[in-house]
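See structure below.
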Amino acid sequence: MRAIALLTSGGDSPGMNPAVRSITRAALNQGIKVFGINRGYSGLIIGDITELHSSDVTNIVQRGGTILKSDRCEAFKDPVVRNQAAEILREHGIDGLIVIGGDGSLSGAHLLTQETGIPVIGLPGTIDNDVYGTDDTIGFDTAVNTALEAIDKIRDTAISHERIFLVEVMGRNSGHIASQVGIACGAEMIVVPEYEFNLESLCFSLATQRARGEGSSGIIIVAEGPRPGLTSRLATQLEEHGEKPGVCILGHIQRGGRPTGHDRVLASCLGAAAVNYMLAGFSDMMIGMVNNEIVATNLQDIIEKKKVLNPQLVELAQLLHK
Ligand SMILES: Nc1ncnc2c1ncn2[C@@H]1O[C@H](COP(=O)(O)OP(=O)(O)O)[C@@H](O)[C@H]1O
Ligand SMILES: O=P(O)(O)OC[C@H]1O[C@](O)(COP(=O)(O)O)[C@@H](O)[C@@H]1O
Ligand SMILES: [Mg+2]
């Protein structure tokens, strides 16, 4: 192997930059040329590829976002387009590809190697933490902490005004951010796509609080869910029960910002390990961290197996707020 390429794909996540830096420097240290592909698979299919030198990744370990830019690329779901992508890699003399992205990006990487034989290694890069084969994805910890910083402030005003706030965090299909944030901010309730939400029980608990003479302030964390507008719909339902909830949608603030120390270290470890696995001849695998150990998992398993939301976390949140 003489040259590898890397790209970042899907929703960006804080820690992608340290991963890019680690992959680049680990490969260069072993005498391997490194190419950066801009804008994920969108850049790959048009050959937007530039060689990376050590100085290109200087001073990025602390920066959010991704210097390679990221994108969602519908066209890459077409096998013909993936074949063209493989041709482009071959034309550039690239012997292997490292993909940093979420479940979708890793599915694309799996199909690319299966169909074309181009060796690929994946790294879990998404704030959602919805990737099997790793305890944490790169960016998850930063997103949780960013959300918490905002929610602690919302809590202050919620207490002053004895008001309920619905705070929406990201997570279309997964409640990992919501459950961590919910525990850490002492939420009164957590709404996640994985479990049914009981509005009656929330209203009952608010009424009980009031009956005890306690101010009825509270924070309800809502994972955005698959259908836009969930939080507004919940607010309307609460209004129908006589509540006057505030609504705060944290949105893309959760995707930006300086990566936490945890994410920088995770990204650095996984990046260097990805290079080692690729140079050792492995392909079609994702490198993750499980119980503080580097673990390689077949991409087929990553795609087929779902990381289950720990039900104890959601139950613990309910228990602790009482
Ligand atoms: N089933 C698939 N087949 C091929 N490519 C895919 C597939 N799913 C996703 N991708 C590629 O990966 C990109 C990112 O996927 P997406 O699900 O949007 O984000 P993430 O990778 O962060 O989960 C898509 O825009 C597409 O280019
Ligand atoms: O920026 P967009 O395209 O609106 O995407 C929003 C989605 O991206 C995420 O931030 C990250 O998801 P992915 O890692 O799967 O791309 C989700 O939490 C959110 O639902
Ligand atoms: Mg995803």
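Here the structure is a predicted model, which means the values were calculated and not measured. Just follow the structure's listing: the first ligand is 1, and inside any ligand the first atom is 1.
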For this session: Evaluate the side chain to side chain donor-acceptor pair (under 3.5 Å) criterion for residues Asn145 and Thr260: first the C-alpha distance (whole Å), next the side-chain angles of each, then the deciding distance (0.1 Å), finally the verdict.
Result: CA-CA 8 Å; Asn145 281 291; Thr260 57; 5.2 Å; no
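At least one donor-acceptor pair closer than 3.5 Å links the side chain of Ser22 to the backbone N or O of Ala272. Without hydrogens or angle criteria, Glu194 side chain to Gly175 main chain gives a donor-acceptor distance under 3.5 Å. Judged by distance alone, the side chain of Lys33 and the main-chain N or O of Glu51 form no donor-acceptor pair under 3.5 Å. Of the possible donor and acceptor atoms, none in the side chain of Thr113 sits under 3.5 Å from a partner among the backbone N and O of Ala109.
Classified by interplanar angle (parallel below 30°, tilted 30° to 60°, perpendicular above 60°), the ring pair Tyr41/Phe76 is parallel.
Taking every heavy atom of Phe76 and a limit of under 4.0 angstrom, the matching atoms of ligand 1 come to 4 (C), 5 (N), 27 (O). Atoms of ligand 1 lying under 4.0 Å from at least one heavy atom of Ser9, given by number and element, are 12 (O), 13 (C), 14 (C). Distances below 4.0 Å separate heavy atoms of Gly171 from the following atoms of ligand 2: 18 (O). Close approach to Tyr41 involves these atoms of ligand 1, each under 4.0 Å from a residue heavy atom: 11 (C), 12 (O), 27 (O). Counting the atoms of ligand 2 from 1 in the order shown, those under 4.0 Å from a heavy atom of His252 are 1 (O), 2 (P), 4 (O). Interface atoms of ligand 1 facing Gly102, defined by a heavy-atom separation under 4.0 Å, are 20 (P), 21 (O), 22 (O), 23 (O). Shown in contact with Glu224 at under 4.0 Å from a heavy atom are these atoms of ligand 2, numbered in order with element: 17 (C), 18 (O), 19 (C), 20 (O). In the vicinity of Arg72, heavy-atom distances shorter than 4.0 Å reach the ligand 2 atoms 1 (O), 2 (P), 3 (O), 5 (O), 6 (C), 7 (C), 8 (O), 13 (P), 16 (O).
Compare Gly101, Pro79, Ser105 by their heavy atoms: the one nearest to atom 21 (O) of ligand 1 is in Ser105. The nearest non-hydrogen atom to atom 8 (N) of ligand 1, considering only Gly125, Gly11, Cys73, Gly104, comes from Gly104. Remark: among candidates Val169, Asp12, Asp128, the nearest residue to atom 18 (O) of ligand 2 is Asp128, based on non-hydrogen atoms.
Remark: minimum distance from atom 3 (N) of ligand 1 to any protein heavy atom is reached at Leu111 CD1, 3.4 Å. The protein heavy-atom contact nearest to atom 14 (O) of ligand 2 is Thr126 OG1, 2.6 Å. At the shortest separation from atom 19 (O) of ligand 1 among protein heavy atoms lies Arg72 NH1, 3.2 Å. The nearest protein atom to atom 6 (C) of ligand 2, hydrogens excluded, is given as Arg255 NH1, 3.6 Å; this is a heavy-atom distance. Protein heavy atom in closest approach to atom 1 (N) of ligand 1: Ser107 CB, 4.0 Å. The protein atom (non-hydrogen) at minimum distance from atom 5 (N) of ligand 1 is Gly108 CA, 3.4 Å.
When non-hydrogen atoms are compared, ligand 2 lies under 4.0 Å from the side chain of Ile127 (C-beta onward) but not from its backbone.
At a 3.5 angstrom cut-off on N or O pairs, Asp103 counts as close to ligand 1.
Under 3.5 Å, the side chains of Asp284 and Gln114 contain a donor-acceptor pair of N or O atoms. Judged purely by distance below 3.5 Å, without hydrogens or angles, the side chains of Arg264 and Thr142 never pair a donor atom with an acceptor atom.
Closest to the Mg ion (ligand 3) among the N, O or S atoms of Asp103 is OD1.
Ion pair Arg155/Glu188 flagged as a salt bridge, since at least one NZ, NE, NH1 or NH2 atom sits closer than 4.0 Å to an Asp/Glu carboxylate oxygen.
Surrounding CG of Leu316 are more than 12 heavy atoms belonging to other residues, nucleotides or ligands, all under 6.0 Å away. By the neighbour-count criterion of 12 heavy atoms within 6.0 Å, atom CZ of Phe197 is densely surrounded, having more than that number from other residues, nucleotides or ligands.
Not a single heavy atom of Gly102 lies less than 4.0 angstrom from ligand 2.
Counting backbone and side-chain atoms alike, Asp130 contributes no N/O/S atom closer than 2.8 Å to the Mg ion (ligand 3).
Taking the side chain as every heavy atom from C-beta outward, Val120 and Leu299 approach each other to under 4.5 Å. Looking only at side-chain heavy atoms (C-beta outward), Asp56 and Thr24 stay at 4.5 Å or farther from each other.
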